[in-house]
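Only one structure is covered here, and it is reproduced in the block below.
Atoms considered below: every heavy atom in the structure, side chains included; atoms not considered: hydrogens, waters and symmetry mates. Worth saying up front: this structure is predicted, and the values here are computed from it rather than measured.
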Amino acid sequence: ITVEMYMQKKMEIERKFLIEIPELKKLNVVRELDIIQTYLNADNSELQRRVRKITENGNEKYVYTQKKFLSPTQRIEEECEISLQDYNKYLTEKKDNPPTIKKRICFDYHNQLFEMDIYSFSTELAILELELDSVSQEIDFPECINVLKDVSADGRYSNAALAKENCFPEDAHKGVI
């Protein structure tokens, strides 16, 4: 029996934005997660593999994910919860990059569930993600969110790239929308 037998497969349409970290008290926060995300070697160059240790309210869970990218905003994602033993086994397959350490703040605004990732390497900038129902869906941002730019198609802002560089690109503040 392999982990892959239990994986949930779904199509994901996601947009990502570089933002300034807002005052959290102005948001309708519904969840806060501490995430350690480790990227794994993949036999297939079309696949991205990772494991996560997710801590919420003192409880830990472990998740294995693999993604196949169809476009900058669309991907097929398969994931499942795994045991600590499987998590540690997968860590033996990790890439040379250090793991990504981030706090994920999930908040609701006008029936949209935003996920804001605050990385250990930045006290000013964050990545804001939103899964969409369609590629043409309009996004309504809270007034307290200062969107600097849409980074959905900029590979330098992918979690894998941020893990490798352990910082935002030098020109992160340029090209503000």
Side-chain angles (χ1 to χ4, degrees), residues 10-40 42 45-52 54 56 63 65-77 79 95-177:
K10 68 175 184 172
M11 170 67 93
E12 187 178 74
I13 302 170
E14 184 178 80
R15 297 273 304 278
K16 294 173 73 164
F17 302 89
L18 181 68
I19 64 168
E20 292 178 347
I21 298 174
E23 287 184 58
L24 297 183
K25 65 183 179 191
K26 293 184 176 183
L27 301 172
N28 180 22
V29 175
V30 295
R31 294 179 80 188
E32 286 191 37
L33 312 166
D34 290 306
I35 299 173
I36 299 174
Q37 187 164 292
T38 305
Y39 287 90
L40 308 174
S45 63
E46 292 182 3
L47 287 182
Q48 180 186 79
R49 301 170 60 234
R50 70 172 186 228
V51 288
R52 286 178 165 173
I54 302 170
E56 182 177 15
V63 177
T65 306
Q66 60 185 36
K67 295 183 179 189
K68 180 176 182 180
F69 291 83
L70 306 176
S71 75
T73 59
Q74 296 181 352
R75 61 196 61 90
I76 296 172
E77 180 178 277
E79 71 180 15
K95 289 187 169 193
D96 291 336
N97 313 345
T100 301
I101 299 170
K102 61 186 179 180
K103 178 175 283 295
R104 173 163 285 174
I105 309 291
C106 303
F107 64 92
D108 181 65
Y109 184 73
H110 293 172
N111 296 316
Q112 302 167 108
L113 183 61
F114 288 94
E115 296 177 341
M116 177 175 52
D117 289 344
I118 300 173
Y119 297 87
S120 57
F121 56 75
S122 180
T123 57
E124 297 175 5
L125 302 176
I127 296 292
L128 185 66
E129 299 179 359
L130 181 64
E131 287 190 26
L132 307 173
D133 295 323
S134 74
V135 289
S136 60
Q137 180 179 329
E138 291 290 323
I139 301 172
D140 187 13
F141 294 100
E143 287 183 26
C144 66
I145 298 288
N146 183 18
V147 175
L148 300 175
K149 57 184 162 183
D150 183 335
V151 294
S152 302
D154 190 336
R156 300 174 306 155
Y157 292 90
S158 72
N159 277 304
L162 293 174
K164 185 176 180 182
E165 298 300 324
N166 202 33
C167 65
F168 284 110
E170 284 184 29
D171 64 348
H173 281 70
K174 294 181 182 171
V176 175
I177 57 174

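The pair Glu77-Arg75 does not meet the salt-bridge criterion, since no charged nitrogen lies less than 4.0 angstrom from a carboxylate oxygen. With respect to Lys26 and Glu143, no salt bridge is recorded, no charged nitrogen being found less than 4.0 Å from a carboxylate O.
Counted by atom type alone, Glu79 and Thr65 present one or more donor-acceptor pairs between their side chains at under 3.5 Å. Side-chain contact of Asn159 with Tyr119: a donor-acceptor pair under 3.5 Å is present, judged by distance alone. At a cut-off of 3.5 Å, with distance as the only test, no side-chain donor of Arg49 or Gln66 sits close to an acceptor on the other residue.
Scanning all heavy atoms of the two residues, the minimum distance from Ala160 to Asn97 falls at O-ND2, 4.1 Å. In this structure, Leu27 and Pro22 approach most closely via the heavy-atom pair CD1-CG, 3.9 Å. Closest non-hydrogen pair, Pro72 versus Ala153, comes out as CB-CA, 3.6 Å. Annotation for Phe114 and Pro142: closest pair CE1-CD, 4.3 Å, computed over non-hydrogen atoms. Nearest approach of Ile19 to Val147, heavy atoms of both residues: CG2-CA, 4.0 Å. Nearest heavy atoms, Ser122 versus Ile21: O-CD1, 4.2 Å.
Within the 4.5 Å cutoff, the side chain of Ile127 has heavy atoms near those of the Leu18 side chain. Looking at heavy atoms from C-beta onward, Val63 lies in side-chain contact with Ile54 at the 4.5 angstrom threshold. Counting heavy atoms from C-beta on, the side chains of Leu162 and Thr100 never come closer than 4.5 Å. The side-chain heavy atoms of Leu113 and Phe107, taken from C-beta on, include no pair separated by under 4.5 Å. Two residues are said to be in side-chain contact when any heavy atoms from C-beta on lie closer than 4.5 Å; Glu115 and Leu128 fail this criterion. Side-chain contact between Leu125 and Leu148 is present, with heavy atoms from C-beta onward closer than 4.5 Å. Here the side chains of Asp140 and Gln112 are in contact, with some heavy-atom distance below 4.5 Å.
Checked against Glu129 for a salt bridge (charged side-chain N to carboxylate O under 4.0 Å, His left out), the options Lys102, Arg15, Arg104 give a single hit: Arg104.
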Take Lys149 and Asp154, measure what side-chain contact (heavy atoms from CB on, under 4.5 Å) needs, and give me the verdict at the end.
CA-CA 10 Å; Lys149 57 184 162 183; Asp154 190 336; 5.5 Å; no
What's the verdict on side-chain contact (heavy atoms from CB on, under 4.5 Å) for Glu124 and Phe168, showing C-alpha distance, side-chain angles and the deciding distance?
CA-CA 11 Å; Glu124 297 175 5; Phe168 284 110; over 6 Å; no
For side-chain contact (heavy atoms from CB on, under 4.5 Å), just list the numbers for Lys67 and Arg50, CA-CA rounded to whole Å, side-chain angles, deciding distance to a tenth of an Å, and then say yes or no.
CA-CA 9 Å; Lys67 295 183 179 189; Arg50 70 172 186 228; 3.5 Å; yes
Which is it for Gln48 and Tyr39 under the side-chain contact (heavy atoms from CB on, under 4.5 Å) test, yes or no, and what are the steps along the way?
CA-CA 8 Å; Gln48 180 186 79; Tyr39 287 90; 3.6 Å; yes
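Not one N or O on the side chain of Gln74 forms a donor-acceptor pair closer than 3.5 Å with the backbone of Leu70. Side-chain N or O atoms of Thr73 include none that pairs as donor or acceptor with a backbone N or O of Glu14 at under 3.5 Å.
Once rounded to the nearest 0.5 Å, the distance linking CG of Leu130 with CD1 of Ile13 reads 11.0 Å.
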